[in-house]
Structures are given as C-alpha cells and as structure tokens.
Amino acid sequence: MTHQATSPLPVVVLISGSGSNLQAIIDAAQRQEIDIEIKAVISNRPAVAGLERAQRAGIETYVVDHTQFADRRSFDTALAQVIDRHQPGLVILAGFMRILTQEFVEHYLGRMLNIHPSLLPNFQGLNTHQRAIDAGVSEHGVSVHFVTPELDGGPVVRRASVPVLPNDSADTLAARVLKQEHRIYPEAVGLFAAGRLKLQDNVAQLDGQPIAQLPRTAE
Ligand code: GAR
C-alpha cells in the first residue's frame, strides 16, 4: 500500500449550503477515523449553515460569492486563489452547487472529489430524487467520484444504494440517501488520504486495481 507524503493530508472543503456532509467529514477526522486536516471551508453563498459548522469546529472559513463576479472564469480564478493558499492535497466538493470551468477542474485533476445524490451514471444534474421516482426505478443512491471536465461524469470511487419505496416523496428519498452520503463520503476521503485511491489515465483505482463503473440503466 502506498502512502500520501503528507500526514495528516491537508484538505479544503467547498460548500454551498447546510454542510451535513462537511459535518460527517469533520466528525470522522475528529474521531481520527480518517487522516486529514481541514485547512479551510469555502462557501459560494454567504451565511449558510455549513459555515457555522466549520466555525464551531475551529476551521477557517471563507466566502467567495459567485454573484460578485462577472463570469465563471473570474469566479473560478478567485476561488482557486483562496484554495491554493492552503496547499491542499485534496479538494472536497460537499454540496457545492456551481458548475466549474474546465481550467479549474484540470488544475485539481486527480485531487478533487464530489458527492452526487444518484447512482451515477444515472441522473446526472439536478433534482435527482424526483427524477428517480418519476423514472420508476426500485433502487437509487449516492456516488462519490473524481471530478473531471464532464459534469457529474468523472470516475466513481464509492457508491451506496437505497430502495425507492412505494410512498416515497423526493424528501423522504433524499433523507434515506443522505444517511448513506454521511457514511461513504468520509470513507472515500479516508481512502484517498491513505494513498489507496487514485485517478490514473481517467480511471479510478483502489489499491492499484481499477474500480468498476456501472452502465447507465435509467432515463
Ligand atoms: C447532498 O445531498 C449532496 O449530495 C448534494 O447536495 C447535498 C448537500 O447537502 N450535491 C449535489 O447535488 C451536487 N450536484 P449538505 O450541504 O448537507 O452536505
């Protein structure tokens, strides 16, 4: 097994809202289940609950408000400046609801993870829970993936499934999925920090072996 040169691994977390995934990662780090140090939490929206969660944990917080920038490129440049100040080995997108420029994604290629509330490659994009219900699938879930220039299209590193129940609303289904998010995101981050998870030639590898991707089955 290879190990990351830096221990604990410095990470930066990007959020846009409630930050419950951020909280799960903070908790796992505090319990020393994963070997990371969260150097900064950055939100593109001011006054969100996730910023308070970070402050309560004694983590530096920043707001880079996308509404203050003329275009995507200038926002991404400002964001990257704040991130790079902390020299992270990993950038964690945790409910960060912005589409990123190709340049930004390439700058962090192989060291940026995202969590997406569907069994990718199914239901890329928004409103995943309602779309899963509308499509009549019996299984839904969540995926953690490396971020590549294709939106929600990077190689998946961890997945968890939940059943879709007959009386589910988007909210009840989202709550079932969120529980799994809080389990698998810290796990995936821990694997990366241990040097076990890598992106090699656009293929996700765990312990040097390619991680199997699923075919698209819905929509
Ligand atoms: C989570 O369900 C996450 O999977 C989703 O936003 C929520 C954020 O919750 N992310 C996306 O939809 C990304 N396209 P949180 O702020 O409580 O972690």
Side-chain angles (χ1 to χ4, degrees), residues 1-17 19 21-46 48 50-66 68-69 72-115 144-149 154-155 157-158 185-202 204-207:
M1 196 198 300
T2 52
H3 281 275
Q4 216 65 42
T6 323
S7 170
L9 183 73
V11 308
V12 168
V13 184
L14 306 190
I15 61 167
S16 298
N21 277 289
L22 164 68
Q23 188 70 58
I25 292 165
I26 291 172
D27 292 347
Q30 283 179 347
R31 289 194 298 261
Q32 300 192 345
E33 292 165 2
I34 61 178
D35 191 20
I36 62 165
E37 183 180 353
I38 305 175
K39 294 285 190 184
V41 168
I42 308 172
S43 174
N44 67 304
R45 292 186 186 281
V48 293
L51 289 168
E52 284 167 36
R53 293 180 192 268
Q55 283 154 9
R56 268 201 301 277
I59 301 166
E60 265 184 57
T61 60
Y62 301 83
V63 174
V64 183
D65 182 347
H66 66 278
Q68 305 299 309
F69 293 85
R72 250 181 231 293
R73 179 172 292 262
S74 52
F75 168 71
D76 280 9
T77 302
L79 184 59
Q81 275 169 5
V82 180
I83 295 171
D84 289 347
R85 222 184 280 162
H86 299 279
Q87 299 188 296
L90 177 66
V91 176
I92 300 171
L93 308 184
F96 185 66
M97 305 303 279
R98 296 291 303 167
I99 293 173
L100 298 162
T101 57
Q102 178 158 348
E103 203 180 352
F104 183 95
V105 171
E106 279 169 1
H107 181 58
Y108 299 106
L109 197 64
R111 55 185 179 116
M112 183 155 66
L113 292 174
N114 181 42
I115 190 158
V144 175
H145 65 96
F146 277 110
V147 179
T148 62
V157 303
R158 212 96 183 138
Y185 213 3
E187 268 178 25
V189 168
L191 289 172
F192 186 92
R196 298 178 57 189
L197 198 57
K198 292 206 156 61
L199 182 69
Q200 210 87 55
D201 301 327
N202 212 41
Q205 295 188 343
L206 179 63
D207 297 333

Heavy-atom pair of closest approach, residues [X] and [Y]:
X	Y	value
Val13	Ala94	CG1-CB, 3.9 Å
Leu100	Val105	CB-CG2, 3.9 Å
Ser7	Asp35	OG-OD2, 2.5 Å

Can you confirm whether Arg111 is buried at CZ, in the sense that more than 12 heavy atoms of other residues, nucleotides or ligands lie under 6.0 Å from that atom?
yes

For atom CD of Glu106, is the number of surrounding heavy atoms from other residues, nucleotides or ligands below 6.0 Å larger than 12?
yes

Side chain to side chain donor-acceptor pair (under 3.5 Å) with Thr77: which residues, sequence neighbours excluded?
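For Thr77 there are no side chain to side chain donor-acceptor pair (under 3.5 Å) partners, ignoring immediate neighbours.
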
Have a look at Leu14 and tell me which of Asn44, Val41, Ile83 forms a side-chain contact (heavy atoms from CB on, under 4.5 Å) with it.
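Option passing the side-chain contact (heavy atoms from CB on, under 4.5 Å) with Leu14: Ile83.
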
Residues 85-92 side chain polar contacts: donor-acceptor under 3.5 Å, at least two apart:
residue : atom : partner : partner atom : Å
His86   : NE2  : Tyr62   : OH           : 3.1

Nearest 0.5 Å, please: how far is CD in Gln23 from CD in Gln30?
7.5 Å

What's the separation between atom CZ in Phe104 and atom CG in Leu79, rounded to the nearest 0.5 Å?
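Going from the CZ atom of Phe104 to the CG atom of Leu79 covers 4.0 Å.
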
Between Phe75 and Phe96, what is the ring plane arrangement, given parallel below 30°, perpendicular above 60°, and tilted in between?
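It falls in the parallel class, under 30°.
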
Looking at Thr101, is its backbone amide N or carbonyl O close enough to the side chain of Asp76 to form a donor-acceptor pair, meaning the two atoms are under 3.5 Å apart?
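Judged by distance alone, yes, a pair lies under 3.5 Å.
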
Do side-chain atoms of Ser43 reach the backbone of Leu51 as a donor and acceptor pair under 3.5 angstrom?
no

Kindly determine whether Ile26 and Arg56 satisfy side chain to side chain contact (heavy atoms under 4.5 Å, CB included), including the steps that lead there.
CA-CA 10 Å; Ile26 291 172; Arg56 268 201 301 277; over 6 Å; no

With sequence neighbours excluded, residues passing salt bridge (Lys or Arg N to Asp or Glu O under 4.0 Å) with Arg53:
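By the salt bridge (Lys or Arg N to Asp or Glu O under 4.0 Å) rule, Arg53 matches no residue at all.
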
